[in-house]
Amino acid sequence: MITKKTLKLSLKSLRDFGKKRLPDEVLIELDERDECPEDIVHYMCNPDQLGIQLLFIPEEYGGLGGSTFDVYLICEEMARIDLGVATSLFATFLGSDPITVGATPEQKKLWLSRIANEGVLFAYGATEPEAGSDLGSLKTTADRVMQDGKVVGYKINGSKQWISNGGIADLYTVLANTPSGPSWFVVEKGAKGFTHDKPENKHGIRLSNTAALSLVDTYVDADRLIGGVEGQGLLQAQAVFGYTRLMVAAFGLGAGWSALDRAIPYSTKRIQAGSPLSEKQGYTHKLIVSNVVRLEAGRAFIEETAERIDAGEGSLNTEGAIAKYLSTEAGNSAAEASIQALGGYGYTHEYMVEKIKRDVRITTIYEGTSEIMEMTISRDRWQLHLKTRGQHYHERAKQAELLHAAHPNVGADVAALALHALAEVMEKARAGRLTRYQHILLRIGEWIAYAEASATLARRGALMAEGRLNEKANDRFDATALAAISRIFAREAAMKVAHDGLRWMAGAGGVNDSEIPAFEVALNLQAIHRAQNGLIADMDYVADVLYGRVQKRPAEQLTEVALHS
Ligand SMILES: Cc1cc2nc3c(=O)[nH]c(=O)nc-3n(C[C@H](O)[C@H](O)[C@H](O)COP(=O)(O)OP(=O)(O)OC[C@H]3O[C@@H](n4cnc5c(N)ncnc54)[C@H](O)[C@@H]3O)c2cc1C
């Protein structure tokens, strides 16, 4: 187990390494040259140097056996340095995942020990030209090679597309169709018939190597079939989605914060109309505070899900999807706003926010696009809605109301309004069979993510207030600031669920003109509107915290604001 002290040290070494070896000028130059700094990637994976990969390798194979929580924090830190380099390290992590979850003990020993001891780089070869979001339609084949009636090996034929580390990895996990279905194989660099294309000329993460792979009659021994049983490939991939998506969520978080951490100091120095931009509310609240709030909602969801995975609650794929969806969309939006915050300077290559914006864009695409996340979230929770006869989110709302009784200033009352409204919207969709419209199904996914995250953030605020937050948790904000952040997000979530819900239920023909007033009552629109009271005051407070000008308001005064909202 990694202690808090060891983790802090690892994070610090990583930060120091980034400052020394990848300062802004170097990053900008590598980005312009479209070059993957292979030496740096190898240094980071060298067990005698940084050895970052040791964190995700179990102790029995020579690693440090980091928890999900540890890996999230390291991923966030890597993304703050450079998302391309982070992607390269993540590719080894992803590439070894089918092994970690599905390999035989001998295979685990062989491959995981090599990652730990030799720092070999892996690539994860799933995507194909015609199989992206829908991996089931993959065309790469693995035909059995028989000898004396026994399977002794496989011949793999096909191509893979957009593979991170595709041109620089030592080992590749490749998904291919065997006679019994999709299966993972380990293929070594240089295997006969196995080639990679030149690196892709990408929009962002230009420090990562992304290349297409081609396999023509590439032979692998039977012991390269991960797990030794055909047809387990998609199950093995799905078994870790909750976990891997949390890591990409952390990338969104790290990149988004990295952009804002440039915009915030910039705005204190940039004088326009006689005063710094940081003193202009129309600037801070639109460009900075609202993005901080969404990022921290993403963080709350990541941390809670990581803790639950570490506690053995299973793979939590839907929670991983919610964390990824919220954090990567928030990261994108934060980086976009940071360009705006720097004005013309932000639009030039010289200022890093432009690069960060291009980099973070990938996080809503790889490891499952945002639309696929919406679908995953919606389908899973829809089943819960049906199973509980529409009570699932009313029950969750009641839990939030209980939390509010104990902690009246963390926005749990408003989170409860969002959750009740969500239950009403889903019930309306069920009654009108509106999920036959895919757009409605996906929008429900978005509302679920917001409503659930509002409750999670309120719980985080309460844990922080009680001093019970995970000791490794990011503690950038104290309990008072976190409570304000939570109230702001809960208001946004409630408005989104109720207003967008009403809009799309009516838009899909599920609520006719005469039914609208009753539906507005069911959604508790008036209470949700009243809950917006105090929003500007809370945003002012968060801005003051961010700019280090907190005239600390007494806790009671903040509670007052919450109670009146
Ligand atoms: C830089 C980079 C690195 C990558 N690294 C790797 C890697 O290491 N290994 C690997 O295996 N893959 C990798 N990928 C591939 C990545 O995971 C896929 O690009 C991603 O899963 C989306 O697949 P696609 O590109 O085929 O898009 P598509 O699946 O064709 O999607 C295109 C658009 O349609 C939407 N869409 C798709 N299906 C539906 C649907 N049913 N309903 C509604 N909308 C839908 C999507 O949300 C998206 O907006 C990488 C990609 C990039 C760009």
Side-chain angles (χ1 to χ4, degrees), residues 31 34 36 41 79 82-98 121-140 158-176 182 184-185 187 196-215 233-234 236-238 240-241 244-245 247-248 251-252 255 321 324-325 328-329 332 355 358-379 435-446:
D31 176 75
D34 198 9
C36 168
V41 173
D82 180 80
L83 205 44
V85 171
T87 296
S88 193
L89 272 93
F90 181 63
T92 291
F93 174 63
L94 259 190
S96 64
D97 261 344
L121 297 187
F122 258 85
Y124 177 84
T127 306
E128 299 187 0
E130 287 168 61
S133 300
D134 175 21
L135 267 187
S137 56
L138 87 162
K139 299 236 171 358
T140 298
S159 48
K160 297 286 169 184
Q161 186 152 317
W162 321 121
I163 305 305
S164 303
N165 285 354
I168 63 169
D170 305 292
L171 294 159
Y172 297 73
T173 35
V174 171
L175 189 65
W184 289 100
F185 292 89
V187 182
H196 64 80
D197 214 336
K198 62 179 183 354
E200 301 287 351
N201 182 0
K202 305 190 295 290
H203 173 66
I205 56 167
R206 289 162 72 85
L207 274 74
S208 77
N209 174 290
T210 315
L213 309 176
S214 161
L215 299 109
L234 293 183
Q236 288 163 350
Q238 279 157 11
V240 284
F241 269 159
T244 55
R245 285 175 177 161
M247 304 316 143
V248 180
F251 282 179
K324 178 182 191 285
Y325 177 64
T328 61
E329 290 290 338
N332 251 298
K355 174 181 171 298
R358 282 185 289 107
D359 288 349
V360 71
R361 191 67 189 78
I362 190 61
T363 60
T364 64
I365 298 174
Y366 65 14
E367 268 306 279
T369 66
S370 282
E371 294 69 38
I372 298 298
M373 295 304 96
E374 289 170 346
M375 202 185 314
T376 303
I377 298 163
S378 191
R379 279 186 176 154
T435 52
R436 67 183 186 276
Y437 298 109
Q438 199 206 25
H439 184 58
I440 299 291
L441 183 74
L442 269 60
R443 296 285 43 80
I444 290 176
E446 181 188 13

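We count ligands from 1, going down the list as the structure has it; atoms in each ligand are counted the same way.
In terms of protein heavy atoms, atom 52 (C) of ligand 1 is closest to Ile362 CD1, 3.6 Å. Ranking the protein heavy atoms by distance from atom 25 (O) of ligand 1 puts Trp162 NE1, 3.9 Å first. What sits closest to atom 26 (O) of ligand 1 on the protein, heavy atoms only, is Gly132 CA, 3.1 Å. Atom 9 (N) of ligand 1 has Tyr124 O, 2.7 Å as its closest protein atom, hydrogens excluded (heavy atom only). Considering only non-hydrogen protein atoms, atom 12 (N) of ligand 1 sits nearest to Thr127 OG1, 2.7 Å. In terms of protein heavy-atom proximity, atom 21 (O) of ligand 1 is closest to Ile365 O, 4.0 Å. The protein heavy atom nearest to atom 45 (C) of ligand 1 is Ile372 CD1, 4.5 Å. For atom 8 (O) of ligand 1, the nearest protein heavy atom (residue, atom name, distance) is Ser164 N, 3.0 Å.
Using a 4.0 Å cut-off to heavy atoms of Lys202, the atoms of ligand 1 that qualify are 1 (C). Every atom of ligand 1 is numbered from 1 in the order shown, and the set under 4.0 Å from a heavy atom of Ile163 is 7 (C), 8 (O), 9 (N), 10 (C), 11 (O).
Here's the thing with Ser133: one of its N/O atoms is less than 3.5 angstrom from an N/O atom of ligand 1. Looking at Asp134 next to ligand 1, no N or O pair under 3.5 Å apart turns up. Between Glu371 and ligand 1, at least one N/O pair is under 3.5 Å apart. For ligand 1, the polar-atom distance check against Met375 finds no nitrogen or oxygen pair separated by under 3.5 Å.
Within the 4.0 Å heavy-atom criterion, the part of Thr369 lying near ligand 1 is the side chain and not the backbone. Heavy atoms of Ile205 found under 4.0 angstrom from ligand 1 belong exclusively to the side chain. Counting heavy atoms under 4.0 Å from ligand 1, residue Gln438 touches it through the side chain alone. Contacts of Thr87 with ligand 1, taken as heavy-atom pairs under 4.0 Å, are absent altogether.
The backbone N or O of Ala211 lies less than 3.5 Å from no partner atom in the side chain of Asp197, so there is not a single donor-acceptor pair. Of the possible polar contacts, none joining the Arg358 side chain to the Gly204 backbone as a donor-acceptor pair under 3.5 Å is found. Looking only at distances, no side-chain donor or acceptor of Arg245 sits under 3.5 Å from a matching main-chain atom of Ala321. The main-chain N or O of Phe122 is found under 3.5 Å from a side-chain atom of Thr92 such that the two form a donor-acceptor pair. Judged by distance alone, the side chain of Ser378 and the main-chain N or O of Leu441 form a donor-acceptor pair under 3.5 Å.
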Exercise for the section: Carefully, step by step, assess Lys324 and Glu367 under the rule salt bridge (charged side-chain N to carboxylate O under 4.0 Å, His left out). Expected result: CA-CA 9 Å; Lys324 178 182 191 285; Glu367 268 306 279; over 6 Å; no
Exercise for the section: Evaluate the criterion side-chain contact (heavy atoms from CB on, under 4.5 Å) for residue pair Lys160 and Glu128; output intermediate values, then yes/no. Expected result: CA-CA 4 Å; Lys160 297 286 169 184; Glu128 299 187 0; 2.8 Å; yes
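Counting only heavy atoms, the protein never gets under 4.0 Å from atom 32 (C) of ligand 1. Using a 4.0 Å threshold on non-hydrogen atoms, atom 47 (O) of ligand 1 counts as touching the protein. Distance check for atom 43 (C) of ligand 1: a protein heavy atom is found below 4.0 Å. In this structure, atom 35 (C) of ligand 1 has its sub-4.0 angstrom surroundings free of protein heavy atoms. Put simply, atom 28 (P) of ligand 1 has protein non-hydrogen atoms near it, under 4.0 Å away.
Contact annotation: the side chain of Leu94 never approaches that of Thr173 to less than 4.5 Å [non-hydrogen atoms, C-beta and beyond]. Between Gln438 and Met375 the shortest side-chain heavy-atom distance falls below 4.5 Å.
Judged purely by distance below 3.5 Å, without hydrogens or angles, the side chains of Thr87 and Tyr366 pair a donor atom with an acceptor atom.
In this structure, CD on Glu374 lies 7.5 Å from CD on Glu329, to the nearest 0.5 angstrom. Taken from OG1 in Thr364 to CG in Asn332, the straight-line distance is 5.0 Å, to the nearest 0.5 Å.
With Ser88 as reference, Asn165 is the one residue of Asn165, Asn209, Asp82, Thr210 to meet the side chain to side chain donor-acceptor pair (under 3.5 Å) rule.
Ring-plane geometry between Phe251 and Phe90 is classed as perpendicular, the angle between the planes exceeding 60 degrees on a 0 to 90 degree scale with a lower cut at 30.
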